[in-house]
Amino acid sequence: MSDYPPCRLAVLVSGSGTNLQVIIDKIEAGELNAEIVCVISNKRDAYGLERAGRHGIPAIVHENCSFPDRRSYDAATVEILRSHKVELVILAGFMRILTDVMVNAFPHAIMNIHPALLPAFPGLHAQQQALDYGVRFTGCTVHFVDCGTDTGPIILQSVVPVEQDDTEESLSDRIRSAEHQTFVQAIKLSVDRKISVAGRTVLISP
Ligand code: GRF
């Protein structure tokens, strides 16, 4: 049992939401002292919204088309998050770069998962970048979000081997299995208040 009340999470998605599903499952299994208070998607047809609905989690479509720029979109996102009293924001395949408006509203309280061992292969198509480079190992990285593209302080990483006959799809599948475990571990460290940040370094207490 934790000494703390369940951490109020928002999970932001743009697509399938397999990472979201694992987080939901771990919470329902009592392995993560957290509650997902809303799932937000910038894509109306994101399957992650359906996953949220199935578990009785408020699913919010928040498209960017009616906003003049990224900062005003982020300001509206912050309002939604504040209205749900969110403590920790989880980007689980949310395909937008955040501006200072979001980052400053939740300092060291926004986590992202990236399908490579940062700082290698940031940005889109990280798995294909790894194949093109010919690395023997790649993996996934959970990091706090800053205003750059996949540049924030690193919380956890897992290494995944690259096989000779890998395609982008087969490598992505292998990395995604690692993501599911690594993301939940990182969220657990945060909700159990075992993480502090010193400059770029994330310190984990035993
Ligand atoms: C993952 O590969 C993650 O690393 C990237 O987006 C993908 C999301 O997958 N940021 P899913 O929607 O959780 O299945």
Side-chain angles (χ1 to χ4, degrees), residues 9-28 32 34 36 38-55 57 59-64 74 77 88-98 102-103 106 110-133 135 137-163 166-188 190:
L9 308 182
V11 183
L12 275 56
V13 300
S14 299
S16 144
T18 63
N19 281 284
L20 164 67
Q21 187 66 56
V22 174
I23 299 164
I24 293 172
D25 293 346
K26 292 291 178 187
I27 291 172
E28 290 186 351
L32 204 51
I36 302 177
C38 60
V39 167
I40 300 174
S41 175
N42 63 326
K43 301 277 179 209
R44 176 167 299 279
D45 59 354
Y47 188 62
L49 292 167
E50 211 170 306
R51 294 182 194 270
R54 268 197 238 139
H55 291 265
I57 300 167
I60 300 165
V61 177
H62 180 42
E63 291 174 306
N64 61 312
D74 277 6
T77 312
L88 181 63
V89 180
I90 305 297
L91 307 186
F94 185 64
M95 302 304 284
R96 285 181 70 86
I97 305 295
L98 303 188
M102 262 288 274
V103 171
F106 290 92
I110 307 175
M111 281 187 190
N112 182 47
I113 181 114
H114 181 74
L117 293 173
L118 292 170
F121 314 131
L124 294 174
H125 302 294
Q127 303 91 334
Q128 187 61 50
Q129 289 186 56
L131 289 173
D132 292 345
Y133 201 93
V135 292
F137 293 93
T138 180
C140 64
T141 302
V142 183
H143 62 94
F144 285 122
V145 173
D146 62 13
C147 293
T149 303
D150 304 318
T151 50
I154 289 170
I155 304 166
L156 290 179
Q157 296 185 297
S158 295
V159 176
V160 171
V162 180
E163 305 295 346
D166 262 334
T167 60
E168 186 176 13
E169 199 189 351
S170 64
L171 181 58
S172 299
D173 287 347
R174 196 174 310 115
I175 293 173
R176 196 162 291 118
S177 304
E179 286 180 21
H180 293 164
Q181 293 184 20
T182 312
F183 215 177
V184 167
Q185 274 173 23
I187 296 167
K188 186 164 169 46
S190 176

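Nothing here was measured: the structure is a model prediction, and the numbers come from that model. Counting starts at 1 for both ligands and their atoms, following the listed order.
- Scanning all protein heavy atoms for the shortest distance to atom 8 (C) of ligand 1 gives Gly93 CA, 3.6 Å.
- Contact between Ile113 and ligand 1 is present, with at least one heavy atom of the residue lying under 4.0 Å from the ligand.
- If you number the atoms of ligand 1 from 1 as listed, the ones under 4.0 Å from a heavy atom of Pro115 come out as 4 (O).
- Scanning the protein for heavy atoms near atom 14 (O) of ligand 1, the closest one is Thr18 OG1, 2.5 Å.
- For the pair Asn112 and ligand 1, the shortest N or O to N or O distance does not fall below 3.5 Å.
- Rounding to the nearest 0.5 angstrom, the gap separating the CD1 atom in Ile110 from the CG atom in Leu98 is 5.5 Å.
- Only the side chain of Arg176 comes within 4.0 Å of ligand 1, judged by heavy-atom distances.
- Taking a 6.0 Å sphere around CD of Glu28, one finds it holds more than 12 heavy atoms contributed by other residues, nucleotides or ligands.
- Of the polar atoms of His114, none of the N or O atoms is found under 3.5 Å from an N or O of ligand 1, judged by distance alone.
- No hydrogens or angles considered: nothing links the side chains of Asn42 and His62 as a donor-acceptor pair under 3.5 Å.
- Of all heavy-atom pairs between Leu156 and Ala186, the closest is CD1-N, 3.6 Å.
- The two residues Asn112 and Val145 make their nearest non-hydrogen contact at CB-CG2, 3.6 Å.
- With sequence neighbours left out, the side-chain contact (heavy atoms from CB on, under 4.5 Å) criterion links Thr149 to Ile97.
- Near Glu179, meaning under 4.0 Å from any of its heavy atoms, are these atoms of ligand 1: 1 (C), 2 (O), 3 (C), 4 (O).
- Nearest heavy-atom pair across Val13 and Gly48 is CG2-CA, 4.3 Å.
- Around atom 12 (O) of ligand 1, the closest heavy atom drawn from Gly15, Gly17, Ala116 belongs to Gly17.
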